[in-house]
Structure formats: structure tokens, C-alpha cells
Amino acid sequence: MTSSVKAILDLKGRDVITAGPNTTVAEAAAILSKKKIGAIVVVGMENRISGMFTERDLVHAIAKHGKDGLDQPLSQLMTSKVYRCHEETTVNELMELMTSRRFRHVPVESNGKLAGIISIGDVVKSRIAEVEREAEEIKAYIAG
């Protein structure tokens with residue numbers, strides 16, 4: 001049986017680090033560093049996802065604008081086309097999305113609002129646990 005995004009969120013929690021669109025790149029970089037995370041979900045009104053700002057976006061901002069990029073608001077440099085998943089999404093579907101789109105973080109949306117975030121590390125951890133469970137079940141079956 002394949003795990004779902006809901007199962008991952010139930011284990012890891014649903015806390016998400018967010019920022020508003022007017023947060024500067026420098027402020028976002030400080031948050032990424034302090035929280036030891038790779039992405040911030042940019043939210044607008046009513047906690048609706050309006051973009052993602054990732055380590056890659058930070059690198060692009062500096063490469064394109066130099067140190068002046070640090071003063072830019074996230075709304076100017078974030079990834080605005082955000083692929084989302086839902087609690088019903090399976091881990092296999094999420095792995096395919098993350099691999100094909102080259103994402104390391106995918107926000108979870110419920111009723112149009114932010115409900116959590118899944119990282120590639122969360123997916124790997126879930127998949128390893130699933131494989132270990134399957135191996136134990138096979139051992140128990142063989143042992144009879």
C-alpha cells in the first residue's frame with residue numbers, strides 16, 4: 001500500500017514557514033538560514049499560496065541583480081507558478097512530480113489554502129519506512 005501526503009503530514013506536522021510578498025530577499029535568506037530550510041512559501045490574503053522562494057531563487061536573484069537583489073521583494077523574484085499537491089496525493093505521484101519538475105519542496109493545499117509542505121527528504125523517509133515495513137511483512141510471512 002502506497003503512503004499518502006496526509007500520512008506524511010500526520011507524522012511530521014503541518015507547520016510551514018511562510019512570508020509575505022513584500023518580504024525582501026535578504027529577510028528571506030535570513031529565515032532560510034535561521035530555520036535551516038530550503039524553501040519559504042509566499043502567501044497572500046487568507047493564507048493562499050502566491051509563490052515559493054527557494055535557495056535556487058536566491059542564487060538567481062544574486063546572479064541577476066548582484067547585491068541589489070537582496071533588497072528586492074519576494075514578489076519580484078519568487079517562483080510564481082507553484083505546483084501543489086493534496087492530502088490524497090500518493091507518495092509515488094509526488095515522487096514523479098518532484099522528479100519530472102525538479103522540485104525539492106511541494107506545498108500541500110486544502111480548500112485553496114496552505115495545509116503543509118512536503119520536502120524530498122520527507123518523501124525519501126516515507127518511502128524507506130514503507131520498504132522496511134514490506135520487508136518485515138515478507139519475513140513474517142516466510143517465518144510462518
Distance-only criterion, 3.5 Å: show the donor-acceptor pairs between side-chain atoms of residues 26-39 and protein atoms not counting sequence neighbours.
| unit_1 | atom_1 | unit_2 | atom_2 | d |
| --- | --- | --- | --- | --- |
| Glu27 | OE1 | Thr24 | N | 2.8 |
| Glu27 | OE1 | Thr24 | OG1 | 3.3 |

Nearest 0.5 Å, what's the [atom1]-[atom2] distance between [X] and [Y]?
X: Ile8; Y: Ile118; atom1: CD1; atom2: CD1; value: 4.5 Å
X: Arg127; Y: Leu94; atom1: CZ; atom2: CG; value: 13.0 Å
X: Ser110; Y: Lys6; atom1: OG; atom2: NZ; value: 10.5 Å
X: Met98; Y: Tyr83; atom1: CE; atom2: OH; value: 14.0 Å
X: Ser126; Y: Leu11; atom1: OG; atom2: CG; value: 8.0 Å

Search all heavy atoms of [X] against all heavy atoms of [Y] and return the closest pair with its distance.
X: Arg84; Y: Glu109; value: NE-OE2, 2.8 Å
X: Leu74; Y: Ala19; value: CD1-CB, 3.9 Å
X: Ser119; Y: His105; value: CB-CD2, 3.9 Å

hydrophobic_cluster_shared for Ile120 and Leu9, side chain cutoff 4.5 Å: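 Yes, same cluster.
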ILVMFWY clustering at 4.5 Å (side-chain atoms), partners of Ile117: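 The other cluster members (ILVMFWY side chains, heavy atoms under 4.5 Å, direct or chained) are Val16, Val41, Val43, Ile49, Met52, Val82, Leu114.
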State, yes or no, whether a side-chain contact exists between [X] and [Y] at a heavy-atom distance under 4.5 Å.
X: Glu55; Y: Arg104; value: yes
X: Arg133; Y: Ser3; value: yes
X: Asp57; Y: Leu77; value: no
X: Thr54; Y: Phe103; value: no
X: His65; Y: Val25; value: no
X: Glu87; Y: Val108; value: yes

Lys64: salt bridge (charged side-chain N to carboxylate O under 4.0 Å, His left out) partners, not counting sequence neighbours: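 None.
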Worked check of side-chain contact (heavy atoms from CB on, under 4.5 Å) between Leu97 and Glu93: CA-CA 6 Å; Leu97 173 69; Glu93 291 169 334; over 6 Å; no
Side-chain ion pair, Glu136 and Lys139, N-O less than 4.0 Å: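 Yes, charged N to carboxylate O under 4.0 Å.
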Heavy-atom donor-acceptor pair, Arg48 side chain to Gly112 backbone, under 3.5 Å: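 Yes; judged by distance alone, with no hydrogens or angles, the pair exists.
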Check: Glu96 main-chain N/O paired with Thr99 side-chain donor or acceptor under 3.5 Å: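 Checking the backbone N and O of Glu96 against the side chain of Thr99, no donor-acceptor pair under 3.5 Å is found.
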Step-by-step side-chain contact (heavy atoms from CB on, under 4.5 Å) determination, Gln72 to Asp68: CA-CA 7 Å; Gln72 297 280 331; Asp68 293 336; 5.5 Å; no
